[in-house]
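In listed order, ligands and their atoms are each counted from 1.
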Amino acid sequence: MELQRRPRRNRFSPARRELIRETRFSPSQLIAPLFIVPGEKRKDPLSSLPGVFAFSPDMAVIECEELLNLGIGGVDLFPILSAHEKDPRGSKALDRFSPLAKATEEIKKNLPELTLMVDLALDPYTNHGHDGLLDPRGFVLNDETVEKLTEMAILYAELGVDYVAPSDMMDGRVGAIRRALDQQGHLNVGILAYTAKYASALYGPFRNTLDSAVKNGDKKGYHMDFCNAKEALLEAYLDEQEGADLLLVKPALPYLDIIYRIQEKTPLPVGAYHVSGEYAMLKAAAEKGYLVYEKALLETLTAIFRAGASFCLTYAAKEAAKLL
Ligand code: PBG
């Protein structure tokens with residue numbers, strides 16, 4: 001054949017392919033979500049998230065040290081409470097002596113160079129499972145919830161986090177948190193805004209782990225409708241205006257178009273949350289022998305970065321760091 005162009009020439013050898021590779025990422029762009037439980041010396045396996053553990057504060061420090069040595073970019077902490085600790089107002093969220101508070105303090109004290117984030121939302125703490133306070137009809141109140149999140153942000157800033165990560169999608173929370181942090185002198189504590197968090201079925205394993213599934217209804221009155229893309233640009237615009245430092249799209253792989261669109265429009269770094277259901281699907285398929293986990297994982301994460309993500313939260317952070 002007489003061909004002007006033979007694109008396969010650039011794919012001829014591993015070295016040629018490596019030379020022209022467009023997307024690369026390193027462990028420093030991965031953030032590991034960590035679940036915190038009370039007590040000591042605990043590293044509990046989680047039945048809905050194979051290969052992921054819940055740590056008591058002392059063990060979380062040891063895990064973080066390992067992650068730091070692997071070059072991981074940061075950790076994001078989530079609490080696991082038992083049913084009797086939850087109430088309608090999520091009162092434990094402001095407990096200065098909770099296991100989450102203790103883990104935050106200990107990790108920052110022992111590993112100050114590790115970027116430390118904490119998720120800000122009420123759903124781990126409320127017995128109804130919603131991310132906010134409810135009015136008598138069961139509607140999630142916006143402004144009252146924002147007030148709570150603001151108090152949480154101040155508490156965790158005092159305990160030493162680098163970023164607070166509001167994951168609830170209430171209106172105006174980024175601005176309110178920024179103002180409160182500044183007033184208290186926490187000028188270097190950043191906000192990782194869950195900008196486009198969709199009302200997704202892919203949070204199932206996370207909610208099983210925290211026993212945080214909503215008891216009545218769903219989260220569609222605040223998390224975004226997965227039929228919408230332009231709305232994500234409005235959320236990005238508002239978070240940017242309100243002072244967010246980092247934007248996040250969640251889930252990740254089914255929402256590559258959203259990552260791509262937002263990062264085209266904003267000067268801020270955009271990250272992605274490869275959520276529990278996405279991770280569990282890979283694990284389950286691999287367990288059945290349908291695919292090779294390591295290859296599918298690296299392909300998935302590469303796709304997320306190729307779409308324009310600057311960083312990625314994933315339960316596979318440690319595994320990926322070892323593979324890279
Ligand atoms: C809390 C929160 C959730 C997740 C992260 N932060 C659960 C939810 O919104 O119901 C899900 C993360 C995952 O599935 O990995 N609002």
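- Among H130, M169, K219, the residue whose heavy atom lies nearest to atom 8 (C) of ligand 1 is K219.
- Here Y255 and Y198 bring their ring centres to under 6.0 angstrom of each other.
- Each of the following atoms of ligand 1 lies closer than 4.0 Å to a heavy atom of Y273: 12 (C), 15 (O).
- Taking every non-hydrogen atom of V275 and a distance limit under 4.0 Å, the qualifying atoms of ligand 1 come out as 13 (C), 14 (O), 15 (O).
- The six-membered or imidazole ring of F311 lies away from that of F25, with a centre-to-centre distance of 6.0 Å or more.
- Counting only non-hydrogen atoms, the option in P33, S276, P251 that gets closest to atom 14 (O) of ligand 1 is S276.
- Distance from atom 15 (O) of ligand 1 to its nearest protein heavy atom, with residue and atom name: Y315 OH, 2.6 Å.
- Only the side chain of D131 comes within contact range of ligand 1, with a heavy atom under 4.0 Å; no backbone atom does.
- Residue H223 approaches ligand 1 through these ligand atoms, each under 4.0 Å from one of its heavy atoms: 9 (O).
- The protein atom (non-hydrogen) at minimum distance from atom 7 (C) of ligand 1 is F206 CE2, 3.3 Å.
- Taking every heavy atom of D119 and a limit of under 4.0 angstrom, the matching atoms of ligand 1 come to 1 (C), 6 (N).
- The residue Y279 has no part lying near ligand 1, judged by heavy-atom distances below 4.0 Å.
- Put simply, CG on L77 and CG on D119 are 9.5 Å apart, with the number rounded to the nearest 0.5 Å.
- Ranking protein heavy atoms by distance to atom 6 (N) of ligand 1, first place goes to K250 NZ, 3.3 Å.
- Aromatic ring pairs are classed by plane angle as parallel below 30°, tilted from 30° to 60° and perpendicular above 60°; the pair F206 and F35 is tilted.
- A side chain to side chain donor-acceptor pair (under 3.5 Å) with D123 is found for exactly one of H130, R207, K219, namely K219.
- For the pair K41 and F55, the cation does not sit on the ring face, since its NZ or CZ is not both under 6.0 Å from the ring centre and inside 45° of the axis.
- With values rounded to the nearest 0.5 angstrom, K197 atom NZ is found 12.5 Å from E235 atom CD.
- With hydrogens left out, the protein atom closest to atom 2 (C) of ligand 1 is K197 NZ, 3.3 Å, a heavy atom.
- Side-chain contact between S212 and P124 is absent, with no heavy-atom pair separated by less than 4.5 Å.
- Here K283 pairs with E319 in a salt bridge; the nearest charged N to carboxylate O distance falls below 4.0 Å.
- When heavy-atom distances to ligand 1 are checked against a 4.0 Å cut-off, L210 has no atom that comes that close, whether in backbone or side chain.
- Proximity to F78 (heavy-atom distance under 4.0 Å) selects the following atoms of ligand 1: 5 (C), 6 (N).
- The closest approach between D168 and ligand 1 stays at or above 4.0 Å for every heavy atom of the residue.
- Ligand 1 lies nowhere less than 4.0 angstrom from a heavy atom belonging to E278.
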